[in-house]
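Here's the structure, in structure tokens; my notes come after.
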Amino acid sequence: MTEQNTSSFALQLRDDGVAVITMDVPGERMNVLKATFADEINALLAELKQNSSLKGVVIISGKPDSFIAGADITMLDGCNSAEEAEAIARLGQQVFADIEQLKVPVVAAIHGPCLGGGLELAMACHQRVVSDDAKTVLGLPEVQLGLLPGSGGTQRLPKLVGLQKALDMMLTGKQLRAKQALKAGLADAMVPNSILLDAAVQLALSGKKPVHEPKLNLVGKLLEKTGPGRGIVFDQARKQTLAKTHGNYPAPLKILQVIRTGIDKGMQQGLAAEAKTFGELCMTPESKALRALFFATTDMKKESGAGDAKPRMLRKIAVLGGGLMGGGIASVTATKAGLPVRIKDIQQQGIANALAYGYQLLDKKAKRGFMRRTELQQQMALMTGTTDYSGFKDVDLVVEAVFEDLELKQNMVADIEQHCKEDTIFASNTSSLPIGQIAAKAKRPENVIGLHYFSPVDKMPLVEVIAHKGTSPETIATTVAFARKQGKTPIVVKDGAGFYVNRILALYMNEAAQILLEGEPIEKLDKALVKFGFPVGPITLLDEVGIDVGAKIGPILQGELGDRFAAPAAFDKLLADGRKGKKSSKGFYLYSGKAKGKKPVDASVYPLLGITPSPKLSSDELVQRTTVQMLNEAARCLEEGVIASARDGDIGAIFGIGFPPFLGGPFRYIDSLGAAKLVDILKSYEAKFGARFAPCELLVTMAADRKTFY
Ligand SMILES: C[C@H](O)CC(=O)SCCNC(=O)CCNC(=O)[C@H](O)C(C)(C)COP(=O)(O)OP(=O)(O)OC[C@H]1O[C@@H](n2cnc3c(N)ncnc32)[C@H](O)[C@@H]1OP(=O)(O)O
């Protein structure tokens, strides 16, 4: 019986006196740090301290493409008290301090993700060498889990990269690529992965423990090297944080406090504050929701979307329609999925627009050092255009992004069946037309599916994969796999008008419109929902999505799903007045050409709608009346099987319309409110405003049975 390899750290003493510690947690795809490792590492360090011939230490990962992904989040979920989580953080601090205090130089050899506790370990080493590979990223993403770096990160990062850069990294969780880490002073050397270990050994043998001075220009020195200067930096960071989080996220403000404690009172006090705060944050509902969201998305990645159906290989993609969506879809296909993509439009100009759209996205990245010009050229070369069907014979999957016109889409299906292969998939980006209708005249309806992106395509992570009754499981699995290659988070939803996201969004927006027509000022309504946690308010969203789009989808949803979707009639006056929203530079807000910053409300909208704005409802009332519409419809979608689970419904709402992530999504939010409370609110509104607030059956049953979704 082979000895079960339970150890995660292998020690190799080289002839040249360098000890190489290889971390390779058995049975895990990624190295994650567990509290149970402390004894093992401490034993290793004790052994090394006894070794008088030791000249240096290198710490490297045994995983093919990852260094260390951070502390084990599962372990954190297992904590039942702040003290327990604090103890885990302190344990990490102690082990990393022991590494830092080794007499000989310790060098971290980093290839692949080096995140959270993994980067904290690397920063406790005396030097860091990174591989110049796109997979190598360094960051402290704890804030995205509602936490802060709990094992020395808040104290060591500012010393390496400077206060402002460190704040930016810890408050956003952003990841630096190898070149950026080198530039920022977080890495001491960058080499090809093939010689990463050698380079690390050379650094270890150099006998050096260089003092790292952050690279600061004159202004940086004034701001970061003086008390008053640092005061400005912290105040600025606090203002920006509150402007972004509206006080909904405790972690960022705590990060500021803990960093400041370390600077003002020394590292030991800083570390104590860090561990204590880590423990407190670990127990907050916000962190629990964000950690659950991380695991929900990770678990979903393992599902094919269609049982055990296997996705087909994809070698060549086509996009029909070079508009905003078509351009975005082509761009993520080339740059993220790395697949050749052929854009067909009826005019050359359409193709040029799509290519220009893709180019400007890449150009921005190249200018910011995110990619080399050669990479940009390679990715642009993947995108080609045509006004006919030349080059379509070997296309594996076509994404259609033309007008929301059923007959046109049915003709597109016929064209693709004529010019492509027997098994070419036709994926429609329709935002509301039932896929079954688009497939109605198809010869091979099993190849027809919906693949609904959200605008802007390069930013919004969600896509809805919509299978009609005849879609084959293989088509579903292949489409889901394709969306993931594009870096998207796909949820598989059942066919039906508005699918899932637009359904729950439509009722939320309609209620906002009703409230507006009752005289509530636009900016007050939007501000209330932004404070609640949405990225933008419902009226701003209507301007961005397009008032014309809303007016087009409304009747389709009403026809298919019922009168609760009836949009307020007054809105036709807006369209009659040429107000389509942002796209027509005329809507609820003024688009006077000033690019950034807050846009003022276009007050001429009020007389047009026959209202005199007069604030009556409280912010809480504004939030409650609009959000319960979304919650009720989400539950109805689950009841009808439009979404397969509450998990998918939460992910869809968060990644599709920015439902506040710290609330965990509509279903987790209903659980925190309690189904009974929600039903009471809905019933009271139903009595006051009518049937559109009638609670769905599922909620009524859950309220009666005191059930929760999770
Ligand atoms: C004290 C410290 O300061 C506190 C901390 O360190 S908190 C943790 C901070 N770290 C993070 O937040 C990073 C979380 N992980 C990630 O972002 C991504 O996994 C990654 C960028 C590292 C890799 O992404 P990707 O290649 O898509 O792999 P992904 O599917 O996400 O993960 C692969 C597996 O590793 C697991 N995993 C990744 N990071 C993990 C973590 N920190 N804890 C537990 N499991 C983790 C995933 O659950 C998944 O498990 P599976 O094998 O059962 O599917």
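Start at 1 and go down the list; that is how both ligands and their atoms are numbered.
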Which donor-acceptor pairs under 3.5 Å do the side chains of residues 175-187 make with protein atoms, sequence neighbours left out?
residue: R177; atom: NH1; partner: F370; partner atom: O; Å: 2.5
residue: Q180; atom: OE1; partner: R177; partner atom: N; Å: 2.8

List the atom pairs, with distances to 0.1 Å, where a side-chain N or O of residues 147-162 and a protein N or O form a donor-acceptor pair under 3.5 Å, not counting sequence neighbours.
residue: S151; atom: OG; partner: A89; partner atom: O; Å: 3.3
residue: T154; atom: OG1; partner: E274; partner atom: OE2; Å: 2.4
residue: Q155; atom: NE2; partner: V258; partner atom: O; Å: 3.4
residue: R156; atom: NE; partner: E100; partner atom: OE2; Å: 3.1
residue: R156; atom: NH2; partner: E100; partner atom: OE1; Å: 3.0
residue: K159; atom: NZ; partner: Q155; partner atom: O; Å: 3.3

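Taking Q101 as the reference, A97, D98 meet the side-chain contact (heavy atoms from CB on, under 4.5 Å) condition, with sequence neighbours excluded.
In this structure a side-chain-to-backbone donor-acceptor pair under 3.5 Å is missing from E86 to F278.
In summary, the side chains of H126 and D188 do not present any donor paired with an acceptor at a separation below 3.5 Å, with no hydrogens or angles considered. There is a side-chain donor-acceptor pair under 3.5 Å between Q486 and T333.
Under 4.0 Å from any atom of ligand 1, one finds heavy atoms of residues R29, M30, V32, A69, G70, A71, D72, I73, L115, G116, G117, E120, P141, E142, L145, P149, G150, S151, F278, F294, F295, T298, K301, K302.
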